[in-house]
A.B. asks: 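Structure incoming, see below.
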Amino acid sequence: MSDQPDVELEARLAEQEEFEPPASFVEQANVTDEDIYEEFEENWPDAWERAAELLDWDSEWDDVLNDDDEPFYEWFVGGELNASENCLDRHLADRGDEVAIEWVGEPVDETRTYTYNELHREVNEFAAALREQGVEEEDVVTMYMPMIPELPVAMLACARIGAPHSVVFAGFSADALAERMESADSETLVTCDGYYRRGEPLDHLEKARDGLGNVGHDVTTVIVDRLGDERTVDHRESELDYDSLVDEQQGADVDPVVRDAEDMLFLMYTSGTTGKPKGVKHTTGGYLSYAAWTSHAVLDVKPDDTYWCSADIGWITGHSYIVYGPLALGTTSVMYEGTPDYPDKDRLWEIVDDYDVNQLYTAPTAIRAFMKWGKQYPEQHDLSSLRLLGTVGEPINPRAWKWYYKHIGDEECPVVDTWWQTETGGMMITTLPAVSNMKPGSAGPPLPGIDANIVDTDGEQVGAGRAGYLTVNNPWPGMLRTLYKNDERFINEYWDEYSDPEADEWVYFPEDGAKVDEDGYVTVLGRVDDVINVSGHRLGTMEIESAIVGVPGVAEAAVVGGDHEMKGEAVYAYVITEDGQEENDAFRDEIIEAVEDAIGPIARPEQVIFTHELPKTRSGKIMRRLLEDIANGDELGNTSTLRNPDVVHEIEAKVRGD
Ligand code: WTA
């Protein structure tokens, strides 16, 4: 029965807190020697050369690390390479006819296969087309695309000509697209007519065009025809058809541009404490080495594997672990367009079965949904090809971990719970699957070469089992180099809190809370800034608040994350209206729509609560903690320090629906 707890599993696994790597996995794993931790410690930073050595370089680096101008670190200094060449050309001689991308459309039976030869061909043609449109080295090209093969093609085409890409998640709104294009001065956009969601063709172009209406400079737009006859597009001026562009360049060869290791490979906008998204800058040498190394060491990717990360390329996980890491290693990367429950709740398991997937990397939110739907869905399929399972994006509760381990991995696959961020470029804290034991709920020790600590507000290390703030004390190759054109914000956001510049001590602060066990295993507790994590998607509460206060009739708003059984966290919006504004459902819908317009449906508030006041300290600061407690239905702590303690109970009653 799907909604009944699995009694046998509960009984046997509930008590077990530590799991050894399965022997069958260890036998064949890429990294098996536990001395690797010591090796990195003793030989740091030079040990990182082993990551760079996974790539082909046009010229080798002179220095592994340059830390003369902290925190503006440089890695593999003087080295030269091209990311597209590393993901394509170097595989052609031996693996040209092997599959690079297995693309599965949402409509059943709509699939496309790209061998390395074919992917290389199309990337060359599109790179030539971009050049012909005037795109030059260092010009930022924006992609606003769903999970279709032309997205990785466009990314690799950009990499080939040295034009950094900035991919905007297709679920983001028109306004979010415009903001990112303006911020990056991006004059080229690659998008598409639409895509499928739960069987329905969805218009995407209208959103893209709306967004462009708010971009203050001229933009050339390339439109991929995803929907075919389902939708015909009348191209407007400055809109070009992707297929025609590629056809015109048939057979074109574009020499990969030689890029310095520190040259920008891409920008990725992510949410932070303030209303404005941050343009995280990643570089060619360090980032690509790190994505390849972690794919090799943690995901155990080998060229002959069929590997599947079910994230969206619009987020960092898809960049590092659908495109760059797996393709740099010459493996087969699966890409799925749709949702996991279309046409039925076994879609993912059907894909694993059909393609003999070896590794599956997904999010805890998805696992919680699978668990709710029931084990009968995976049981309909042969999942024995799986060798490793991974999770990313948010904390995983031990029950979901164990369900994944048992019902998807059949207790034969290690589960890697990987903690990292857009800014870190790749995984930072996780077990090495053949080396360390797994502890459900705890990501594991920091990876070799990563020096992470849990500290209190003064920066002093806290004892085992106590909650504190996660910090990283050494640089690593995949780290962001700066925020686009904003070095000052880069320092303020990540380095101000715990560094001591006078003493030359630079400490990276990821803004997560965590605790560490006696054995060095880190459990990440979640964000300690104004960022919330909805279904593994990172959202800034300030961005949502600024959308809400933009609605005429709203006087003030406070947005917090409340616990949510499926999504991890959900958006709760507390709103004070202006005098005379009616507080009814129509107004509530208006607020919700404003959030969807500014950011996208993922930021949709779970509840909009009207109140005439917000709980504030005597100095006027909104007590967000209390608003979170109210959203969670938790017992409220001491409210006597508030300027207005009465309002708390009033709000509480509203949330409960009294
Ligand atoms: C959270 C996604 C617990 C964390 C790769 C981090 C996690 C934020 C985990 C980054 C994990 C990511 N356990 N929390 N395994 N992985 N997080 O930038 O709060 O979209 O700071 O990168 O997700 O989200 P981002």
Side-chain angles (χ1 to χ4, degrees), residues 167-169 171-172 267-273 277-282 287 290-291 294-295 298-299 309-322 324-325 361-368 389-398 400-401 404 415-431 438-447 450 452 454 467 469-472 478-480 483 493-494 508-516 521-541 543 561 567-569 602-603:
V167 180
V168 178
F169 174 56
F172 275 143
L267 264 184
M268 165 125 259
Y269 282 88
T270 188
S271 298
T273 303
K278 309 186 272 197
V280 170
K281 174 184 162 181
H282 281 296
Y287 169 83
Y290 201 69
T294 45
S295 299
V298 180
L299 298 170
C309 166
S310 73
D312 192 293
I313 297 176
W315 304 98
I316 192 72
T317 304
H319 277 54
S320 301
Y321 300 112
I322 297 176
Y324 286 112
Y361 191 33
T362 191
T365 290
I367 298 168
R368 288 191 290 266
L389 302 173
T391 78
V392 57
E394 47 180 328
I396 181 163
N397 44 315
W401 190 103
Y404 193 37
V415 175
V416 284
D417 170 1
T418 60
W419 176 86
W420 59 291
Q421 310 180 293
T422 304
E423 292 87 343
T424 68
M427 301 158 179
M428 301 285 283
I429 300 179
T430 175
T431 50
M438 302 163 267
K439 299 208 298 186
S442 166
L447 280 172
I450 303 298
I454 317 296
Y469 301 98
L470 181 59
T471 55
V472 185
M479 68 196 300
L480 81 164
L483 293 176
E493 294 262 359
Y494 305 107
Y508 173 81
F509 181 41
E511 310 216 48
D512 268 339
K515 67 184 177 69
V516 64
Y521 275 54
V522 176
T523 298
V524 178
L525 301 168
R527 303 287 305 196
V528 293
D529 57 358
D530 296 321
V531 168
I532 58 179
N533 195 327
V534 178
S535 303
H537 297 151
R538 182 169 156 180
L539 301 170
T541 50
E543 283 171 74
K567 300 177 186 171
E569 281 187 292
I602 45 169

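Since the structure is predicted, the reported quantities are computational estimates derived from the model, not experimental observations. Just so you know, ligand 1 is whichever comes first in the structure, and atom 1 is the first atom listed for that ligand.
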A.B. asks: Could you list which atoms of ligand 1 come closer than 4.0 Å to a heavy atom of Thr418?
C.D. replies: 9 (C), 11 (C), 15 (N), 16 (N)

A.B. asks: Would you indicate whether the side-chain heavy atoms of Tyr361 and Ser310 approach each other to under 4.5 Å?
C.D. replies: no

A.B. asks: Check Trp419 against Ala443 and note the closest heavy-atom contact, atom names and distance.
C.D. replies: CB-CB, 4.3 Å

A.B. asks: Below 4.5 Å, heavy atoms only, C-beta onward: do Tyr494 and Val472 meet side chain to side chain?
C.D. replies: no

A.B. asks: Can you name the atoms of ligand 1, numbered from 1 with element, that are less than 4.0 Å from a heavy atom of Asn533?
C.D. replies: 1 (C), 23 (O)

A.B. asks: Provide the number and element of each atom of ligand 1 under 4.0 Å from a heavy atom of Val524.
C.D. replies: 3 (C), 14 (N)

A.B. asks: Do any heavy atoms of Ala443 fall under 4.0 Å from ligand 1?
C.D. replies: no

A.B. asks: Going by the atom numbers of ligand 1, which of them fall below 4.0 Å from some non-hydrogen atom of Thr317?
C.D. replies: 5 (C)

A.B. asks: Pair Arg538, Glu511 - check salt bridge (charged side-chain N to carboxylate O under 4.0 Å, His left out), show working.
C.D. replies: CA-CA 13 Å; Arg538 182 169 156 180; Glu511 310 216 48; over 6 Å; no

A.B. asks: Looking at ligand 1, does Trp420 have a heavy atom less than 4.0 Å from it?
C.D. replies: yes

A.B. asks: State which residue, out of His537, Glu394, Glu569, fulfils the side chain to side chain donor-acceptor pair (under 3.5 Å) condition with Thr365.
C.D. replies: Glu394

A.B. asks: Check each heavy atom of Val531 against ligand 1 and say whether those closer than 4.0 Å belong to the side chain, the backbone, both or neither.
C.D. replies: neither

A.B. asks: If you take the nearest heavy atom of each of Met427, Glu394, Gln421, His319, which one is closest to atom 9 (C) of ligand 1?
C.D. replies: Glu394

A.B. asks: Under a 4.5 Å cut-off applied to non-hydrogen side-chain atoms, are Thr294 and Thr430 in contact?
C.D. replies: no

A.B. asks: Closest by any non-hydrogen atom to atom 16 (N) of ligand 1: pick that one out of Gly393, Gly390, Gly272.
C.D. replies: Gly393

A.B. asks: Suppose I only count heavy atoms of Val392 and a 4.0 Å limit; which atoms of ligand 1 are within that range?
C.D. replies: 5 (C)

A.B. asks: How about Tyr287 and Ser320: do any of their side-chain heavy atoms sit closer than 4.5 Å?
C.D. replies: yes

A.B. asks: Taking the side chain as every heavy atom from C-beta outward, state whether Ser535 and Ile602 have any pair of such atoms under 4.5 Å apart.
C.D. replies: no

A.B. asks: Got the closest protein heavy atom to atom 25 (P) of ligand 1, with its distance?
C.D. replies: Thr422 OG1, 3.5 Å

A.B. asks: If you measure from each non-hydrogen atom of Ile316 to ligand 1, which part falls under 4.0 Å: side chain, backbone, both or neither?
C.D. replies: side chain

A.B. asks: Around atom 24 (O) of ligand 1, find the nearest protein heavy atom and jot down its residue, atom name and distance.
C.D. replies: Arg538 CD, 3.6 Å

A.B. asks: At their closest point, which heavy atom of Val298 faces which heavy atom of Thr431, and how far apart are they?
C.D. replies: CG1-O, 4.2 Å

A.B. asks: List the steps, then state whether ring-ring contact (aromatic ring centres under 6.0 Å, His included) holds for Tyr321 with Trp420.
C.D. replies: CA-CA 12 Å; Tyr321 300 112; Trp420 59 291; 5.2 Å; yes

A.B. asks: Looking only at protein heavy atoms, which one is nearest to atom 6 (C) of ligand 1, and what is the separation?
C.D. replies: Asp512 OD2, 3.2 Å

A.B. asks: To the nearest 0.1 Å, how far is atom 3 (C) of ligand 1 from its closest protein heavy atom, and which atom is that?
C.D. replies: Pro395 N, 3.1 Å

